[in-house]
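Accompanying notes for the structure given below.
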Number of protein chains: 2
Amino acid sequence: MTRPAPFDRADAAPGVVEIRDAVRAGRARPQAAVEACLARIAARDVAVRAFVEVGAEAALAAAGTAPTDGPLAGVPFAVKDVLDVAGLPTRMGSRAGDPRPAARDAGCVGLARLAGAIPLGKTVTAEFAGTQPTPVLNPRATSRTPGGSSSGSAAAVADGMVPLALGTQTGGSVLRPAAFCGIVGFKPSFGLYPVAGMKPAAHSFDTVGILTRSVADAAAAHAALVSDAEAEAAGAPTLGLFASHLQETVEPETQAAFDAALSRLSAAGARIVPVAPPPGFDRITEHRATINAYERARDLAGEWRAARDRLSDETLAVCERGFAIPAADYLAAREAVDAFRERCAGLLSGVDALATPTAPGPAPEGHAWAGDPRLQELWTLLHLPSLSLPMPAGAPAPLGLQLIGPRYRDRALLSTALWAEAALA
Amino acid sequence: MTRPAPFDRADAAPGVVEIRDAVRAGRARPQAAVEACLARIAARDVAVRAFVEVGAEAALAAAGTAPTDGPLAGVPFAVKDVLDVAGLPTRMGSRAGDPRPAARDAGCVGLARLAGAIPLGKTVTAEFAGTQPTPVLNPRATSRTPGGSSSGSAAAVADGMVPLALGTQTGGSVLRPAAFCGIVGFKPSFGLYPVAGMKPAAHSFDTVGILTRSVADAAAAHAALVSDAEAEAAGAPTLGLFASHLQETVEPETQAAFDAALSRLSAAGARIVPVAPPPGFDRITEHRATINAYERARDLAGEWRAARDRLSDETLAVCERGFAIPAADYLAAREAVDAFRERCAGLLSGVDALATPTAPGPAPEGHAWAGDPRLQELWTLLHLPSLSLPMPAGAPAPLGLQLIGPRYRDRALLSTALWAEAALA
């Protein structure tokens with residue numbers, strides 16, 4: 001057998017399903033995909049700055065021993081630098097991170113490897129997966145932020161350096177950068193992917209997520225991580241048009257693009273029904289802020305005590321705010337959010353998914369602000385699976401359509417998103 | 001000021017509140033408490049084998065700089081070896097653990113230090129906080145298991161080597177060893193204490209908990225960890241007598257001791273009302289087993305892939321079982337347990353706490369089996385706070401009374417337990 005090299009393209013590394021199918025069919029070796037990605041990284045990352053560290057030698061070695069029959073056979077992937085990859089340090093975007101290589105893979109990284117995937121390196125994260133800006137380039141809108149906190153993972157995928165990256169979402173840290181960079185971001189129901197080897201940010205919300213260029217690629221990665229069959233495109237779905245208290249934050253051009261996208265989905269057969277938020281829903285953003293600050297401070301208590309001089313002013317401020325929150329306020333917020341989780345199950349009972357813009361507008365200009373997380377964080381908080389896919393009218397910069405599914409119906413949400421992606425194409 | 005040494009006792013190190021009050025009042029220095037504990041450890045741990053490692057020098061140094069006005073001022077504590085303590089390795093009871101010292105404290109360890117407490121060392125854990133037996137001695141019943149998986153933490157407290165230890169509970173790993181060793185074990189509502197720096201076992205259940213010799217000591221530690229006021233003894237409570245499908249596992253002598261304890265509480269003024277389990281509750285143990293195995297395998301995916309030859313046969317078997325569980329079974333179990341969490345809120349609406357025996361009997365003879373976790377794990381699974389305190393009739397070995405409170409009413413549960421402890425004294 002001659003060694004095929006089907007992935008020799010200048011524009012972008014091949015996709016998850018493309019690589020996997022080629023490797024499983026014996027048409028390509030995992031090394032070919034790794035080499036294609038490394039070449040793209042070498043050519044592009046000087047400009048994009050998505051990677052903290054690339055483990056090229058380890059990746060090539062891993063490609064030689066990775067299983068070639070798994071659901072992610074031969075798929076190179078990048079890992080947000082709050083998740084452990086054996087042999088590489090986990091710096092967490094912080095000067096207080098541990099410079100020594102991690103001894104073991106995080107659970108999600110281990111699962112991806114067991115499925116045949118090959119980690120190429122660590123991507124830039126905002127400090128402790130927070131809200132600080134990073135110097136990562138948005139490959140699809142170079143004057144604008146790529147979003148955060150999974151900025152490196154989103155940029156690496158959007159630029160075609162890897163077909164798959166892992167991120168984490170505590171507020172909107174997977175879906176917002178996906179939307180800003182014109183790719184697909186998927187956050188599963190809370191707790192579906194393992195959290196071992198992940199640095200917690202706010203443990204009631206932290207969720208490992210997936211960044212890819214297509215919904216099918218996200219569906220393949222999700223199936224591998226949870227040991228499920230891969231989602232297939234569903235029939236035309238019922239979509240709930242959900243207007244929360246944050247509706248007024250949406251910019252007119254983004255609203256117009258969203259309305260146009262919904263019209264196309266409707267024309268393709270989707271039934272669109274209005275869904276109203278439950279009473280008191282407008283207070284949920286405030287409850288989230290309380291829980292987030294309380295938990296962030298305490299999950300960082302080790303760094304706060306021993307390495308305070310190496311924390312940014314922003315992280316110091318979050319910790320100070322969080323430590324000052326009394327238990328009673330935190331518990332009241334937890335209780336209120338629990339109640340909303342129960343009520344929001346009913347919210348989704350008559351629809352396949354809710355639809356909203358992923359963010360109020362395109363990526364903000366410049367790198368001073370990574371964008372507004374509020375439209376994404378609602379669903380992280382409610383523990384519901386959510387996905388962002390690009391809307392067609394993405395000029396002058398990409399815009400995302402957010403779909404939210406019922407809890408634990410992650411595969412069904414991916415099926416709906418496959419249908420929507422095709423209908424918008 | 002002459003240096004007082006009020007803690008110079010041969011039988012046991014002083015308690016949390018005793019030390020804290022003495023240090024805050026200037027009657028003792030933190031070093032005195034640390035020295036008392038180190039002396040006891042030096043005298044006793046050859047026999048008890050509770051500690052994996054004692055950081056004596058670091059503890060004495062920390063005692064010199066620890067805040068002397070905090071809610072845990074000068075309190076030495078021990079830490080289960082699945083939680084990071086800066087400067088000591090986290091071996092997780094496994095040959096696959098990382099032998100290098102941890103760079104940072106776990107969140108809960110950092111919070112305890114910020115409150116003035118001083119970590120003395122790491123205590124023996126079952127491998128990855130699982131069900132394997134350990135060689136730790138039960139100081140209160142030397143022919144019997146101390147329980148697990150927080151066996152070292154329970155034995156260290158029961159033997160008077162430290163007044164406070166941190167453990168973790170995924171099934172019954174704090175309350176069962178507390179009951180078997182004749183001390184107090186407290187597990188808060190899910191997610192109240194930070195999880196950063198804790199090795200996850202099964203992330204939907206993992207909860208950091210507290211082991212002490214008295215309820216007041218547990219209340220002091222809890223208050224410090226959540227920034228709350230300390231619980232005070234409540235008036236006579238209403239207790240729910242809860243007989244689940246596991247009632248038949250309770251041994252007659254243990255049932256008799258439990259009945260006698262309830263009679264004493266009733267005589268002291270408690271109202272005792274029967275509380276029936278919701279329909280279908282008997283399936284909850286099976287759902288728990290599914291979630292536990294699925295998550296344990298995946299939270300260990302890094303070790304499974306790269307260090308399989310260093311995992312015990314028991315851990316290998318759990319992983320094999322867990323990896324074979326399809327996503328649909330896992331999700332169905334998660335959904336069923338979510339529904340029980342909602343229903344069990346109602347279960348507790350008319351009572352201050354439910355009461356059950358902590359375990360079906362005293363600690364089993366020998367060290368081959370760390371005991372039955374099913375009576376404790378129900379409440380871990382349901383995310384409710386639970387506490388074990390010693391029952392009076394603890395011959396031939398200690399027995400625990402388990403009290404379970406409404407979610408987020410952790411302080412109220414501690415108040416009820418303070419009342420019960422006094423009533424049983």
Side-chain angles (χ1 to χ4, degrees), chain A residues 84 86 96-100 102-114 189 191-197 199-200 203-204 223 225-229 294-295 297-307 323-328 330-332 334-335 338 341-342 407-411, chain B residues 84 86 96-100 102-114 189 191-197 199-200 203-204 223 225-229 294-295 297-307 323-328 330-332 334-335 338 341-342 407-411:
Chain A
D84 289 344
D98 189 347
R100 299 171 302 176
R104 296 274 171 258
D105 288 331
C108 56
V109 173
L111 288 178
R113 283 209 218 234
L114 288 166
S189 300
L192 290 208
Y193 301 167
V195 298
K199 172 69 179 179
H203 53 264
S204 288
L225 290 175
V226 297
S227 312
D228 202 359
Y294 183 95
E295 293 189 357
R298 286 163 179 80
D299 278 314
L300 281 172
E303 288 79 4
W304 169 261
R305 201 194 62 83
F323 282 126
I325 295 171
Y330 169 67
L331 295 172
R334 286 276 303 263
E335 197 150 28
D338 284 358
R341 280 193 196 119
E342 292 178 28
R407 195 165 184 204
Y408 305 136
R409 299 292 180 273
D410 298 67
R411 188 173 70 180
Chain B
D84 290 342
D98 189 348
R100 300 170 301 176
R104 297 273 171 258
D105 288 332
C108 56
V109 173
L111 288 178
R113 283 209 218 234
L114 288 166
S189 301
L192 289 209
Y193 301 168
V195 298
K199 172 70 178 178
H203 53 265
S204 288
L225 290 175
V226 297
S227 312
D228 202 0
Y294 184 95
E295 294 188 357
R298 286 162 178 80
D299 278 314
L300 281 172
E303 288 79 4
W304 170 262
R305 200 194 62 82
F323 281 126
I325 295 171
Y330 170 66
L331 296 173
R334 286 277 303 264
E335 197 150 27
D338 284 359
R341 282 193 196 119
E342 292 179 27
R407 196 164 183 205
Y408 306 136
R409 298 291 180 274
D410 299 67
R411 189 174 69 181

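These numbers come from a predicted model, not from an experiment. Just so it is clear, the values below take in all heavy atoms, side chains as well, and ignore hydrogens, waters and symmetry mates. Here is how names work: the chains are called A, B, and so on, in the same order as the sequence lines, proteins then strands, and each is numbered from 1.
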Check your understanding: Between A/Asp299 (side chain) and B/Val195 (backbone), is there a donor-acceptor pair under 3.5 Å?
Key -> yes
Point to revise | For B/Arg104, side-chain hydrogen bond (donor to acceptor under 3.5 Å, both in side chains) partners two or more places apart | key: none
Review point. Looking at A/Ala229, A/Gly107, A/Gly191, A/Gly302, which has the largest count of heavy-atom pairs under 4.5 Å with chain B?
Key: A/Gly191
Exercise for review: Check whether B/Tyr193 gets within reach of chain A through its side chain, its backbone, both or neither, counting any heavy atom under 4.5 Å.
Suggested key: backbone
**Study point:** Contacting moiety of B/Val109, where chain A heavy atoms sit under 4.5 Å
**Key:** neither
**Study point:** Interface moiety of A/Glu303 toward chain B, non-hydrogen atoms closer than 4.5 Å
**Key:** both
Review point. Among all residues two or more places apart in sequence or in another chain, which pass the side-chain hydrogen bond (donor to acceptor under 3.5 Å, both in side chains) test with B/Glu342?
Key: none
**Study point:** Steps toward side chain to side chain contact (heavy atoms under 4.5 Å, CB included) verdict (A/Leu111, B/Phe323)
**Key:** CA-CA 10 Å; A/Leu111 288 178; B/Phe323 281 126; 3.6 Å; yes
Point to revise | Shortest non-hydrogen contact between B/Asp98 and A/Ala103, atoms and distance | key: OD2-CB, 3.5 Å
Check your understanding: Should A/Leu192 and B/Tyr294 be marked as a side chain to side chain contact (heavy atoms under 4.5 Å, CB included) after you check the CA-CA gap, both sets of side-chain angles, and the distance that decides it?
Key -> CA-CA 10 Å; A/Leu192 290 208; B/Tyr294 184 95; over 6 Å; no
Practice item. Verify whether one side chain among B/Ser189 and A/Arg334 offers a donor that lies under 3.5 Å from an acceptor in the other. Key: no
Review point. Checking A/Arg409 against chain B: side chain, backbone, both or neither under 4.5 Å from a heavy atom?
Key: side chain
Practice item. Looking only at non-hydrogen atoms, find the nearest pair between B/Ser227 and A/Arg298 and report the distance. Key: OG-NH2, 2.5 Å
Point to revise | Residue part contacting chain A, namely of B/Glu295, when any heavy atom lies under 4.5 Å | key: side chain
Check your understanding: Pick from A/Val226, A/Asp105, A/Leu225, A/Asp228: which one has the most heavy-atom pairs with chain B under 4.5 Å?
Key -> A/Val226
**Study point:** Over all atoms of both residues, closest heavy-atom pair of A/Lys199 and B/Ala196
**Key:** NZ-CB, 4.2 Å
Practice item. Name the region of A/Ala102, side chain, backbone, both or neither, that has any atom closer than 4.5 Å to a heavy atom of chain B. Key: backbone
Point to revise | Side-chain heavy atoms of B/Asp338 within contact of A/Arg341, under 4.5 Å | key: no
